[in-house]
Amino acid sequence: MKNHEIAKILEEVAIYLEMEDEIVFKVRAYENAAVSLASLAEDVEEVYKKGGIGALQEIPGIGKGLAEKIEEYLKTGKIQFYEDLKKKVPVDVSSLKRIESLGPKKIKVLYKKLKIKNVEDLEKAAKAGKIRVLEGFGKKTEQNILKGIEFMKKSRGRFTIFEVESVVREIERQLKPVKGIEKLIVAGSYRRRKETIGDIDILVVSKNPGIVMDAFTSMKNVAAVYGKGNTKSTVRLKEGIDADLRVVPATSFGAALNYFTGSKDHNIALRKIALENGLKLNEYGLFHGTKQIAGATEEDVYRALGLHYIEPELRENTGEIEAGGKTRLPKLIGYSDLKGDLQLQTNWTDGSHSIEAMALAAKKAGLEYILITDHTKSLAMTGGLDEKKLKKQGEEIGKINRKLDGITVLKGAEVNIMKDGSLDIDDRALKELDIVGASIHSNFNMPRADITKRTLAAMENPNVDILFHPTGRILNKRKPFDIDIEQIINVAKSTGTVLEINSLQRLDLKDEHIRMAIKAGVKLCIDSDAHTPSHFSALQVGIAQARRGWAEKKDIINAWPLEKMKKMLK
DNA sequence: GCCGTTTTCGGCCCGACTGTTTTCAGTCG
């Protein structure tokens, strides 16, 4: 699928145009088109094949001009307009822009004055103190740039589970049809559903490793082959991540899957138990002397060790093995247990689709109810709603509910928590809503005590039911703000405030916080934060995160039927 | 460059914050 490739080019064009002082609306048109393409469920190439340039123009945000450019890309593999921009200013704009505090204008100055083309050049110049003397820059900016680079480096090498998901899909698409592959499963931290993943571990059962390895090393997204043998091969993929493939016999599949799923600490603990019982556990099986007593399935291996089956999401050696011996393992919330979604945006603010379209998409995703939570007025860039518009939206929702079947739309909002802890919508208007979520969108750098106090103030408002993305982080992009999560959990308990597990790009709360909250008896919800219909798929990752936090159905309020869920709210 | 059940031309989300300045450009959301 070329949707993301093209989206990335359009994003870069937008940066270039902004550098060139192009009118802001044109820049935005490119940005919008990029978002639209990236979130498009269908393959843009298929769209074009079926309906030509006219069908491309049916995609929201794509008009005549961009449709032609997309056609050019599909036909020739490049867009000349973009190539020319890149030639004129040969700068890695998308990497540089990813550094906080750097935008198109600053990138332009850095290139013009210091010939900075990439992050490496930038770091050198910043360390040499060359940036602070530039006009419009200063000491503080230079420090911020270095901090930004530091953060970028730390997250380099690990990919978010969202990024890896599409790479895994692509690998499966290419390998599943290969003859001789009896079983294929992606193990490793991907299978444990960790929020970030270092490399992709693929396990295959086959009697014909040669064919499998040939297919693996010649996949079209392979950039380099590091090693190729009969049981193990390693490649670097064009997406920038490494992938390992191992072929094992069917009799060892369970043991191998267990071994390669990890975590390492979990495996070490299992091997210890084996040793205590006079057994030996390795990737080929559980052995008594030279005799294999288990190994074909993971269930066999756990059973033979005297344990209950432990779900991959729990395998971090943080108590699951002790619990597995005493049947104290949680009955984790299932991947199809959600009945509702309590945060999503529509085209009333920064979402791309109407309330009705989102409701229909939610129904298709298997949900029974959704809460509309458009932004509120102080978030001006999204066109946040004021009291009047909220009321109007409520009326609209009423109409839609009368029209739709099988899905209930609830009235809500994502209310902004201001610097002083007040909300930007008055209580009278909040009372009219079914459910209110509150969250922080500005002043992230407040000291711990202040930002905690600010959040607690919002939670203590009797109209606020849910605290959305409680720590403000975005995976690999923005650090959480310095907030006292224990205190948040305590007050969530005493005020009956629900804490959110926000799925889309955030995974906030994170797994250990989820576990802390559950232990304290706090209720949680898993939300998509969808801005477009395809975003509902993020719920699966949110559920995974909840499972990593040992969450059961009883802990997650939107896994409950609507009436029961409503009853527990403030 | 996109878009249209008020429009095929003339609109298109804009306020807060930061760090630089001494009145504001750039960035972020």
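Within every chain, numbering begins at 1; the chains are lettered A, B, ... in the order of the sequence lines, protein sequences first and strands thereafter. Note that the structure is predicted; figures quoted are calculated from it, not measured.
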Determine, using ring centers only, whether A:His531 and A:His353 are less than 6.0 Å apart.
no

Any protein N or O atoms within reach of nucleotides 2-4 of chain B? Criterion: under 3.5 Å, listing atom names and distances.
unit_1 : atom_1 : unit_2  : atom_2 : d
B:dC2  : OP1    : A:Gly63 : N      : 2.6
B:dC2  : OP1    : A:Gly63 : O      : 3.3
B:dC2  : OP1    : A:Leu66 : N      : 3.0
B:dC2  : OP2    : A:Gly65 : N      : 3.3
B:dC3  : OP1    : A:Gly61 : N      : 2.7
B:dC3  : OP2    : A:Ile62 : O      : 3.4

Exercise: do A:Asn221 and A:Glu170 side chains pair donor with acceptor under 3.5 Å
no

Using a cut-off of under 3.5 Å, enumerate the N/O to N/O pairs linking the protein to nucleotides 21-26 of chain B.
none

Can you tell which of B:dT20, B:dC17, B:dG1 lies closest to the side chain of A:Asn443?
B:dC17

Donor + acceptor pair across side chains of A:Asp424, A:Thr376 (<3.5 Å):
yes

With A:Lys50 as the cation and A:Tyr48 as the aromatic partner, state whether NZ or CZ is under 6.0 Å from the six-membered ring centre and within 45° of the axis.
no

Please tell me which of the listed nucleotides, B:dG19, B:dG1, B:dG29, lies nearest to the side chain of A:His441?
B:dG29

Of A:Lys419 and A:Lys139, the one whose nearest nucleotide on DNA chain B sits closer to the 5' end is A:Lys419

At under 4.0 Å between heavy atoms, what does A:Arg132 touch on the DNA or RNA strands: base, sugar-phosphate, or nothing?
nothing

Could you work out which one of B:dT20, B:dC17, B:dC14 sits closest to the side chain of A:Arg28?
B:dC14

Would you check if the side chain of A:Lys570 reaches a backbone N or O of A:Val464 as a donor-acceptor pair within less than 3.5 Å?
yes

Regarding A:Thr452 and A:Gln487, do their side chains bring together a donor and an acceptor under 3.5 Å, going by distance alone?
no

Looking only at the side chain of A:Asn144 (C-beta and beyond, no hydrogens), which of the listed nucleotides B:dG19, B:dG29, B:dG1 gets closest?
B:dG19

Is the terminal nitrogen or CZ of A:Arg478 (NZ for Lys, CZ for Arg) located under 6.0 angstrom from the six-membered ring centre of A:Phe444 and within 45° of that ring's axis?
yes

